[in-house]
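Note that the structure is a prediction, hence the values are computed from the model and not measured.
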Amino acid sequence: MRTFFHNHRLFILCLLTLWLKTFIVSAFVFQVTISNILQAIVFILNPLSFILVFFTIGLLFYEKVQRWYFTILLLLLSITLYSNAVYFREFTDIITLPMLVMSGNAGDLSTSVFELIKWYDILFFIDFIVFALLLWKRPGLLPVTQLGFSKNRRLFAVAGVIVLVVIALSQVERPQNPETMTHSFDREGLIKRYGLYNFYVYDAFLHTRTAVLAVISEEDDWEDIEDHLSQYRKPPNPEAFGIAEGKNVVFISMESIESFVIGETVNDEEITPYLNELIEDSYYFPNFYDQTGQGKTSDAEFMINTGLYPVGRGAVFHTHTDNEYMGLPDMLRDEGYYTASFHGNDRTFYNRDVMYGNLGYDYYYSKSYYDVTEENSVGWGLKDIDFFEQSMDYVKDLPEPFYATFLTLTNHFPYELDEEDHFIEPYTSSSDILNRYIPTVRYTDEAIRLFMEDMKEEGLYEDTIFVLYGDHYGIAESHNEAMGEFLGKEIDPFENTQLARVPLIIHIPGQEGEEVDTVAGKVDIKPTIMNLLGIPEYPHVLFGTDLLSNQREDFAVLRNGTIISNEYMYTAETCYDMETKAPTTPESCDPIRDRGEWEIFYSDSIIYGDLLRFR
C-alpha cells in the first residue's frame, strides 16, 4: 500500500480532495435532508463511484498524459461543482443539461451572476491551484505511474466492486413508481441518491429518453391521460360563464413579486399601495403558488397560455418550440381577438420570437420597438414605467377586442434601482437582496398604477379584464434568515413553501371584489379566463380548474415536488397538517402525492411526446 501511494500520489490526492470537497459542498450548499443512516452512508459514498471510475481510467495512460488528465479532470469537475453551487444560491436548484441550451441568454444574466459570486469562492479551486503549482515547481512530489490492465486486473476489479456496491446502495430507497422517477422533478433526492456527478449521467439518460418520445408516441397514449383528467375534472362556475365576454384581455406578468409584500409596510409605508387598492375591487387569490421550473418567467407564460405544467428540466420555450399547443392566444384569435405580447427585451430571448408564433400571437413588440437608453434602463433593461408608457403608443392602436400580455423587468434579481426612482426607502436587514427588493417592488407597483391610468385616459379600461400575476418567487431560500426577521417568524420548510405564494389578481371593472382562498397555481388561470369569456373548455386539455368553481378541489403541485391541498402539504419529504402547520403521519399525504406525481408525469408526457398533434 505504501508503494502504491508513493507511485500514484497525484491520483490519490486528486481523488480524495475532490471527494471530500464534493461531500462538503453537497452537504452544506445543496441543503440535502438526510433522514436515516442508510441515506447518510449513500450520500457520503455516492460521489466516489463517478470519481473512482474516471480517475482509475487515468491510471492506464502514460505518465505525461496522466499529469494532464488528472489535473484537467479535477478542474472540470471543480467547475461543475462550483457552477451548481453559484446557481443554487439564487435558484435553489441544480443545472440540468437542457439548461445548457439556454446558455445563449447568459449575456443578459451578467448582473445576476456577478451578484452571486463571492470572494471566498476561490476555495472551490484551491486544490487545483496547489496541485498545478506543485506539478510546475516540484513535480517529484506528485509522482504518477502507468498501470497495465492485464497485470493489475485485481486492482481494477476492486475499484469496479466499490462502484457497483455504491450504485446498489443508491437503489435501496428508489421511488416505488419508476415512471414518475423517469420524469423526476426532485433533484434534491437525485443528488442524495446518486451524487452530483452521477446526476449528470442520469440526466443524460433522461435527455436521450425524452428526445425520442415524440418519435415513438402514438394516439393511444391519450387513454391514461384522459382517465386521469376526467377523474379530477370539476365543472367551471356556470354563474361566472361569459361575464366578461367580448372584453379585451390584459395580462401583466409582475416580475418576481411574491405574496408576502401584499398589505405589508416598511417604516409605516405600504410596499404595494396600488395593488392593495386594486385587490379591494378584484378577485384576489392569497393561496396561489409558484409552479414554475427552470424556465421561470417563460414557464409562467407557458402555463397561463396552455394549461399544462412546465417541464422539470430546462424551459419548454427552448426545448419544445415546435410542438403543437392549444394556446390561449390561438384560441382567442378564433374568437375574433387580436393577440400581442409586449416585452422590453430582445425578441430571441428564451426563443419568444419562435414560441409566441406557435402559441398564436399575432404580433410581438420586443426591444426594437422601444426607445431604450442608459437613462431609462436598469438591471435587465427598460424600466417598468417607461415600458408601460411607451407600450401605450401601440396599445391604443390595437384592433379590439385584443389579448395583450406585458412582461415587466425592473423587479428582477439583483434588484438594482437608482435612488431617484425609489418610492419607498430600502428595508434594513442582514440581506442586501431583501433590502433592495422592497424599492423595486414598490416601483413596479407604481408603474402598474400609471399604466391603469393611461388605459382609462384612452377609454380602454372599462372594457378590459386585467389579470395580474407574480411570475415566480423573488427571494431565494438563502435569504430565509432575513425573511424571518421581516415576517417575525422562523422560516421552516412549511413556511418556506408558504413563501412560494405569488399574487394573482383578476380585475373586471364594474365587478365587486372577492378574496378566494382556494389553493391553486398557474395551470388554473386558463380555464378561469375561458369561463369568464364564455368559451367552453372542450376540446382543450386542462390540468387546472376554474378558480371560481364551487366544486373545485384545493390543490397545487410545484415542480420541486411540493404538493399542497387545503388539509395537507407535502414538502421536504415531510407531510404537514395545514391547520396546525406541524408534521403529521406520512400516510396522510399519500393521496395528494399520488395525484401530484401522476399530474406532472402526464403533463410531461404530452410535451415530450408532442401528443397534442393527435387531438
Side-chain angles (χ1 to χ4, degrees), residues 105 108 247-256 292 295-308 310 315-318 320-323 325-372 380-384 386-412 444 447-448 451-452 454-455 458 460 464-472 522 525-526 529-530 533:
N105 297 326
D108 296 80
K247 287 183 178 290
N248 303 317
V249 180
V250 166
F251 273 79
I252 299 177
S253 171
M254 301 185 293
E255 174 64 46
S256 302
T292 60
K296 297 299 185 286
T297 302
S298 69
D299 281 352
E301 292 180 86
F302 179 75
M303 281 185 279
I304 65 174
N305 280 313
T306 67
L308 302 174
V316 180
F317 272 41
H318 273 284
H320 295 85
T321 54
D322 295 329
N323 279 17
Y325 298 107
M326 295 180 175
L328 184 58
D330 198 29
M331 175 195 71
L332 290 177
R333 282 201 307 190
D334 292 340
E335 298 293 325
Y337 279 74
Y338 184 84
T339 58
S341 183
F342 297 81
H343 188 29
N345 209 322
D346 292 330
R347 64 183 296 101
T348 60
F349 194 62
Y350 272 88
N351 274 353
R352 286 188 172 94
D353 57 331
V354 178
M355 193 65 174
Y356 279 172
N358 198 1
L359 291 173
Y361 283 99
D362 288 309
Y363 214 83
Y364 177 23
Y365 295 90
S366 56
K367 183 178 180 179
S368 62
Y369 287 86
Y370 296 88
D371 179 20
V372 183
W380 278 50
L382 190 61
K383 295 176 185 177
D384 291 344
D386 291 88
F387 166 63
F388 281 120
E389 184 178 293
Q390 293 186 42
S391 294
M392 282 305 302
D393 291 337
Y394 304 111
V395 173
K396 64 185 180 183
D397 293 328
L398 293 179
E400 296 188 64
F402 58 77
Y403 169 75
T405 56
F406 297 83
L407 276 62
T408 61
L409 277 174
T410 304
N411 189 50
H412 196 293
T444 297
I448 294 171
F451 171 68
M452 292 297 214
D454 287 342
M455 290 290 286
E458 294 297 335
L460 297 170
T464 301
I465 173 175
F466 297 91
V467 183
L468 297 82
Y469 66 92
D471 59 351
H472 53 76
K522 291 187 180 69
I525 292 180
K526 183 179 177 181
I529 299 305
M530 289 175 63
L533 296 178

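- Gln390 and Asp371 get closest at one heavy-atom pair: OE1-N, 2.7 Å.
- The 12-atom threshold is not exceeded at OH of Tyr363, counting heavy atoms of other residues, nucleotides or ligands nearer than 6.0 Å.
- Between the side chain of Asn358 and the main chain of Asn323, a donor-acceptor pair closer than 3.5 Å is present.
- Closest approach of Tyr350 to His318, counting heavy atoms only: CA-NE2, 3.5 Å.
- Side-chain atoms of Glu400 and Asn248, non-hydrogen and from C-beta on, do get closer than 4.5 Å to each other.
- In this structure a side-chain-to-backbone donor-acceptor pair under 3.5 Å is present from Thr408 to Ser253.
- A pairwise comparison of heavy atoms in Val250 and Phe451 identifies CG1-CE2, 4.2 Å as the closest pair.
- For Phe251, the ring pair (Phe, Tyr, Trp, His ring centres under 6.0 Å) partners at least two apart in sequence or on another chain are Tyr403.
- Donor-acceptor pairing under 3.5 Å is recorded for the side chains of Tyr356 and Ser341.
- The aromatic rings of Phe406 and Phe388 lie tilted to each other, with the angle between the two planes from 30° to 60°.
- Although no hydrogens or angles enter the test, the distance criterion places a donor-acceptor pair under 3.5 Å between the side chain of Asn351 and the main chain of Phe317.
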Please assess Phe402 against Leu460 for the test side chain to side chain contact (heavy atoms under 4.5 Å, CB included), listing each intermediate value before the final yes or no.
CA-CA 11 Å; Phe402 58 77; Leu460 297 170; 4.3 Å; yes

Derivation of the side chain to side chain contact (heavy atoms under 4.5 Å, CB included) call for Leu359 and Leu328:
CA-CA 7 Å; Leu359 291 173; Leu328 184 58; over 6 Å; no

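- Thr292 and Asp299 share no side-chain donor-acceptor pair at under 3.5 Å.
- The two residues Met455 and Thr464 make their nearest non-hydrogen contact at CE-OG1, 4.0 Å.
- Using modelled atom types and a 3.5 Å distance limit, the side chains of Glu255 and Thr297 yield a donor-acceptor pair.
- Between Asp393 and Lys396, the closest side-chain pair of non-hydrogen atoms falls below 4.5 Å.
- Judged by distance alone, with hydrogens and angles left aside, the side-chain atoms of Lys522 form a donor-acceptor pair with the main-chain N or O of Asp471 at under 3.5 Å.
- Between the side chain of Tyr394 and the backbone N or O of Tyr369 there is at least one donor-acceptor pair closer than 3.5 Å.
- A donor-acceptor pair under 3.5 Å is absent between the side-chain atoms of Asp346 and the main chain of Ser366, judged by distance alone.
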Check the pair Phe342, Phe387 against ring-ring contact (aromatic ring centres under 6.0 Å, His included), reporting the backbone distance first and the verdict last.
CA-CA 9 Å; Phe342 297 81; Phe387 166 63; 7.3 Å; no

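- The closest donor-acceptor contact from the side chain of Thr339 to the backbone of Gly360 lies under 3.5 Å.
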